[in-house]
Amino acid sequence: MSTIAAISTAPGIGGIGIVRMSGEEAFIILEKIFKPKKELNTNDIKGYTIKYGHIVSKDETIDEVLVSFFKAPNSYTTEDLCEISSHGGTYVVKKILEVCLKNGAVLAEPGEFTKRAFLNGRIDLSQAEAVIDIINAKTQKEAKTSLNQLEGYLSKQIKEIRELLMSIMVDIEASIDYPEYDIDEVSNKKAYEVLLQVKNKLKLLSESFDNGKIIKEGIKIALIGKPNAGKSSLLNAILKEERAIVTDVEGTTRDTIEEAINVDGIPIHIIDTAGIRNTKNKIEKIGIEKSRKMADEADLVIAIFDASKELDKEDEEILEILKDKKSIVVLNKIDLSERKISKEIIKEKLKNINNEKIVEISAKEYIGIEEIYSKIIEMFSLNEINVDNSAIITNVRHKEIIMSAIKETDKAIEITNKKMPIDMIGIFIKDIMEALGKITGESVSDEIIKEIFSKFCLGK
Ligand code: GDP
């Protein structure tokens with residue numbers, strides 16, 4: 001394999017910039033461009049050591065650097081690898097990379113270092129995928145779930161399932177090899193029991209995706225209400241900063257504003273929709289349609305009403321949208337003495353709502369905002385999401401593979417139920433194994449591998 005090089009730190013100005021080089025010739029190339037303070041023989045360099053010196057090109061000194069050495073097989077890629085830490089300026093880091101390339105390294109593709117770690121067998125595919133998830137993680141829970149995956153929690157589960165399947169295969173082989181012994185009946189019963197265990201394990205993994213999706217993508221909340229109900233004020237109160245425009249003029253929030261907050265380690269995306277209004281005004285109409293669409297696409301709808309005014313036709317239209325959605329009704333402006341909408345009125349109009357789902361607030365005075373948070377936490381059982389010591393599926397690709405493995409398991413169970421010859425189960429077991437191999441990477445096509453690593457950043 002060629003020796004690859006890339007800038008591993010984010011572009012821009014920073015304290016330190018790192019150029020990483022990996023491959024058989026990494027140290028040989030380095031020797032040509034690195035002038036260490038103390039003499040250095042790259043042949044007997046020790047792994048996990050750092051050397052001080054300068055990177056030079058011809059006679060030009062480019063920067064003062066520290067080089068970290070990792071010797072095969074004890075490196076990220078399992079190959080000889082070095083990391084040149086220089087000053088983090090745009091010019092210097094690029095120049096160092098350029099010098100590496102001029103002296104024989106080739107520019108790494110996105111994710112190629114991690115791809116090599118996978119191809120060289122240090123990590124499996126699910127662990128490689130975890131690397132990108134850690135990099136992209138925005139909350140503690142997301143980072144922890146991905147770290148667990150990198151440390152092999154998911155791989156371990158898959159390994160256990162495969163071992164169970166292998167135990168059935170051993171029986172099948174035996175029944176083929178020794179047809180004179182009638183072991184079909186015993187094996188069939190055992191196969192059935194083991195397959196049930198396999199199904200249970202697969203189901204637990206697939207169910208973990210409900211939480212996994214929340215951890216990774218968060219919850220999408222559409223904030224709806226007619227103009228002047230207080231959507232922008234509530235959003236501001238939630239964000240505790242003046243980001244959305246608060247205004248007295250009706251319908252100025254025509255498009256949508258999306259903000260993300262972090263509640264108990266879960267990303268919550270709040271989409272402030274335009275006021276839902278019946279109007280002939282074309283631009284406003286776009287806003288209304290958008291509001292309805294947003295509500296449709298959201299996991300939760302928060303509908304806000306100005307409690308100091310009577311419910312009118314427009315408010316009723318909004319209530320209509322809530323009928324078959326997970327929703328919270330917010331009665332705003334309770335700081336005003338005028339009070340026209342009560343919880344009772346809402347409950348009369350909306351049969352599927354109870355007191356628990358109605359919150360009285362004053363966005364202006366910051367009253368009741370915390371209660372909205374607790375409702376969200378309660379409705380999605382956010383405080384029950386435990387990311388410690390467990391394999392949680394957050395990746396749609398994994399979820400789909402597990403679903404197809406469950407289908408194959410069902411087919412195999414059906415065959416054992418019908419007491420058919422045990423070797424017939426073998427076909428399905430091989431299919432389940434193959435499906436699981438797509439998660440760990442043993443039975444996955446080159447195109448899929450390429451697609452997975454193309455999502456990585458350069459230098460990783
Ligand atoms: P939107 O059109 O739904 O986004 O509503 P805004 O957030 O722009 O609020 C409309 C008006 O109602 C503004 O003048 C706000 O100051 C006012 N308002 C919002 N929330 C409250 C509240 O809790 N109490 C009072 N008294 N006024 C509020």
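Start at 1 and go down the list; that is how both ligands and their atoms are numbered. Numbering of residues begins at 1 and proceeds along the displayed sequence.
- Of the N or O atoms in Ala363, one or more lie within a sub-3.5 Å distance of an N or O in ligand 1.
- Each of the atoms 6 (P), 7 (O), 9 (O), 15 (C), 19 (C), 20 (N) of ligand 1 lies under 4.0 Å from some heavy atom of Ser233.
- If you check the side chains of Thr77 and Ser22, you find a donor sitting under 3.5 Å from an acceptor.
- Of all the atoms in ligand 1, the ones that sit under 4.0 Å from a non-hydrogen atom of Lys231 are 1 (P), 2 (O), 3 (O), 4 (O), 5 (O), 7 (O).
- The closest non-hydrogen atom to atom 4 (O) of ligand 1, taken over Ser232, Ser308, Ala237, comes from Ser232.
- Of the N and O atoms on the side chains of Ser443 and Glu434, not one donor lies less than 3.5 Å from an acceptor on the other residue.
- Between Ile33 and Cys100, the closest side-chain pair of non-hydrogen atoms falls below 4.5 Å.
- For Glu348, there are no side-chain contact (heavy atoms from CB on, under 4.5 Å) partners two or more places apart in sequence or in a different chain.
- Below 4.0 Å from some heavy atom of Asp335 lie the following atoms of ligand 1, by number and element: 22 (C), 23 (O), 24 (N), 25 (C), 26 (N).
- Close approach of ligand 1 to Leu336 is summarised as follows: ligand atoms under 4.0 Å from at least one heavy atom of the residue are 26 (N).
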Residues 216-225, side-chain donor-acceptor partners within the protein, below 3.5 Å, at least two apart:
| unit_1 | atom_1 | unit_2 | atom_2 | d |
| --- | --- | --- | --- | --- |
| Lys216 | NZ | Asp133 | OD1 | 3.2 |

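- A salt bridge does not link Glu400 to Arg397: none of the charged nitrogens lies less than 4.0 Å from a carboxylate oxygen.
- For the pair Lys326 and Asp299, the salt-bridge criterion is not met [side-chain N within less than 4.0 Å of a carboxylate O].
- Looking at Asn228 against ligand 1, both its backbone and its side chain come within 4.0 Å, counting heavy atoms.
- Ligand 1 lies less than 4.0 angstrom from a heavy atom belonging to Pro227.
- Close N/O approach between Glu365 and ligand 1 is not found [any backbone or side-chain N/O within under 3.5 Å].
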